[in-house]
There are 2 protein chains.
Amino acid sequence: MTPDRPLRADARRNRERLLAVAEEVFAARGTGASTEEIARQAGVGIGTVFRHFPTKEALLAAVFLGRLERLGERARELSAAAEPGPAFFGFFALVVDQASAKNAFADALEQAGVDVEGVTSGVSGQLGEALGELLHRAQEDGAVRADLGVAELKALLVGASRAVEFAGDPETRARTLAVFLDGLRPTSG
Amino acid sequence: MTPDRPLRADARRNRERLLAVAEEVFAARGTGASTEEIARQAGVGIGTVFRHFPTKEALLAAVFLGRLERLGERARELSAAAEPGPAFFGFFALVVDQASAKNAFADALEQAGVDVEGVTSGVSGQLGEALGELLHRAQEDGAVRADLGVAELKALLVGASRAVEFAGDPETRARTLAVFLDGLRPTSG
DNA sequence: ATAGAATCGGAGTTGTGACTCCGATTGAAC
DNA sequence: GTTCAATCGGAGTCACAACTCCGATTCTAT
């Protein structure tokens with residue numbers, strides 16, 4: 001389908017630099033940030049941005065795709081390396097922490113939901129699997145209530161990210177997060 | 001400060017109609033919806049929109065202000081009419097329900113946080129008081145964990161709205177909401 | 001070192017949306 | 001019914017952001 005001749009060295013550099021800068025800028029200024037701003041910060045011309053990403057939407061999709069991929073990796077790592085309970089809650093905290101710096105996961109997942117050009121669906125699926133494993137292991141271990149699925153977990157991650165972002169100071173955040181964590185535990189009754 | 005001569009009948013009508021339509025349109029299309037669209041749907045010229053609300057931001061502020069006011073009223077009503085526990089959880093569910101139709105509260109509170117021109121601060125304070133009463137009564141009644149304040153409650157309302165909005169189908173929503181409700185209850189330990 | 005294909009830069013185009021201005025209209029006071 | 005100030009409508013202005021185009025530049029294969 002795609003002959004995909006390897007990119008010239010400078011092109012490859014620019015592409016990577018653009019992705020990195022775009023991620024920062026979108027995180028800092030929101031997805032409304034202008035492509036020109038990104039080009040300037042990356043030290044390239046606007047033309048270069050649009051050659052690599054034919055559309056602003058495509059650039060956004062690429063950035064979110066990267067986020068989802070990294071998130072999936074992290075979930076798999078934790079799944080393999082830690083006890084089910086800590087792995088699960090560690091991942092939850094990690095996502096929420098990122099979000100408190102900048103609402104990464106919510107945007108990313110949302111974008112995946114909208115699914116720009118269908119690009120993200122594959123990765124989104126992978127992430128879903130990783131989340132599923134994390135969740136099910138924690139449930140079998142009795143660390144997390146049994147009546148939740150991956151869909152609920154995603155919603156909760158989005159909600160927690162948002163809540164924690166909204167809560168300004170660290171103490172409010174901690175107390176807010178505690179509600180989520182306690183709510184996730186098996187019901188005592 | 002403001003002589004505030006009463007508006008002419010047609011002006012008053014237009015102003016109200018604009019607010020109503022703007023609320024609908026912003027809810028449906030997001031806050032990025034154009035003023036022209038709102039004018040068209042309200043059946044007035046663009047000039048009329050800008051005479052009543054000198055800025056799109058001012059229009060947004062007015063809409064959000066209305067939402068916050070109604071929310072505060074509702075909280076006070078419940079506070080007066082129902083048992084502490086049901087009053088609290090009823091309000092929580094109510095906010096979340098609205099949000100699932102369209103993310104009303106999150107946007108409204110967020111806007112209040114940004115506080116366009118300081119207009120919302122008064123009402124936001126009132127809402128805060130109403131929430132405080134709802135919360136404290138429920139806590140004294142033992143229906144809600146004691147380690148939460150109004151700040152945490154607001155964050156949780158925002159987060160829950162978002163989470164439930166993200167969760168597509170009603171069943172996922174219910175299970176997601178259950179995590180919040182259980183997390184809000186006093187910790188058994 | 002050289003050719004020439006790939007890539008770059010950024011001025012220019014296009015579209016959109018907030019906001020202004022003023023002649024036309026309409027409500028209210030008499 | 002007349003008057004006139006308040007209000008209206010919407011064409012026009014202005015700013016900004018996405019996207020295009022092409023001459024200038026740079027990489028790479030020989």
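Below, chains carry the letters A, B, ... as their sequence lines are ordered, and counting in each starts from 1. Every heavy atom of this structure was used, including side-chain atoms; hydrogens, water molecules and symmetry mates were not.
- Nearest-nucleotide assignment on DNA chain C puts the 5′-proximal partner with B:Lys56, out of B:Lys56 and B:Asp10.
- Remark: the backbone N or O of A:Leu184 is not paired with any side-chain donor or acceptor of A:Arg145 at under 3.5 angstrom.
- In this structure, B:Arg12 atom CZ and D:dA6 atom P are separated by 17 Å, rounded to whole Å.
- Looking only at distances, no side-chain donor or acceptor of B:Lys154 sits under 3.5 Å from a matching main-chain atom of A:Phe166.
- Salt bridge absent: B:Asp182 and A:Arg185 never bring a charged side-chain N and a carboxylate O closer than 4.0 Å.
- You can see that DNA chain C meets the heavy atoms of chain A within a 4.0 Å-exclusive cut from C:dA5 to C:dG10, reading 5' to 3'.
- Computed from coordinates, the A:Ile38 CD1 to D:dC16 C1' distance equals 15 Å when rounded to whole Å.
- Counting to the nearest Å, the C1' atom of D:dA15 and the CD atom of A:Glu36 are 13 Å from each other.
- A:Leu78 pairs in a side-chain contact (heavy atoms from CB on, under 4.5 Å) with only one of the listed residues (A:Phe88, A:Phe89, A:Phe91), which is A:Phe91.
- Residue pairs that meet the side chain to side chain donor-acceptor pair (under 3.5 Å) test with at least one member in residues 41-54 of chain A, sequence neighbours left out, are A:Glu37-A:Gln41.
- Spacing between atom CG of B:Asn14 and atom P of D:dA6 amounts to 17 Å, rounded to whole angstrom units.
- Residues A:Ala9 and A:Phe50 both approach DNA chain D. Their nearest nucleotides, taken by heavy-atom distance, put A:Phe50 toward the 5′ side.
- The separation between A:Glu57 atom CD and D:dA17 atom C1' is 15 Å, rounded to whole Å.
- Across B:Leu156 and B:Phe180, no two heavy atoms sit closer than the pair O-CE2, 4.0 Å.
- Residues B:Gly45 and A:Arg8 each lie close to DNA chain D; by heavy-atom proximity, the contact nearer the 5' end of the strand is made by B:Gly45.
- Mapping B:Leu7 and B:Gly32 onto DNA chain C by nearest heavy atom places B:Gly32 closer to the 5' end of the strand.
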What do the steps show when you test B:Glu77 against B:Arg74 for salt bridge (charged side-chain N to carboxylate O under 4.0 Å, His left out), and what is the final call?
-> CA-CA 5 Å; B:Glu77 282 171 25; B:Arg74 205 81 190 79; 2.9 Å; yes
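- Here D:dT7 presents its P atom at 14 Å from CD of B:Glu16, a figure rounded to the nearest Å.
- One interatomic measurement links the two molecules: CZ of A:Arg13 to C1' of D:dC27, which rounds to 10 Å at whole-angstrom precision.
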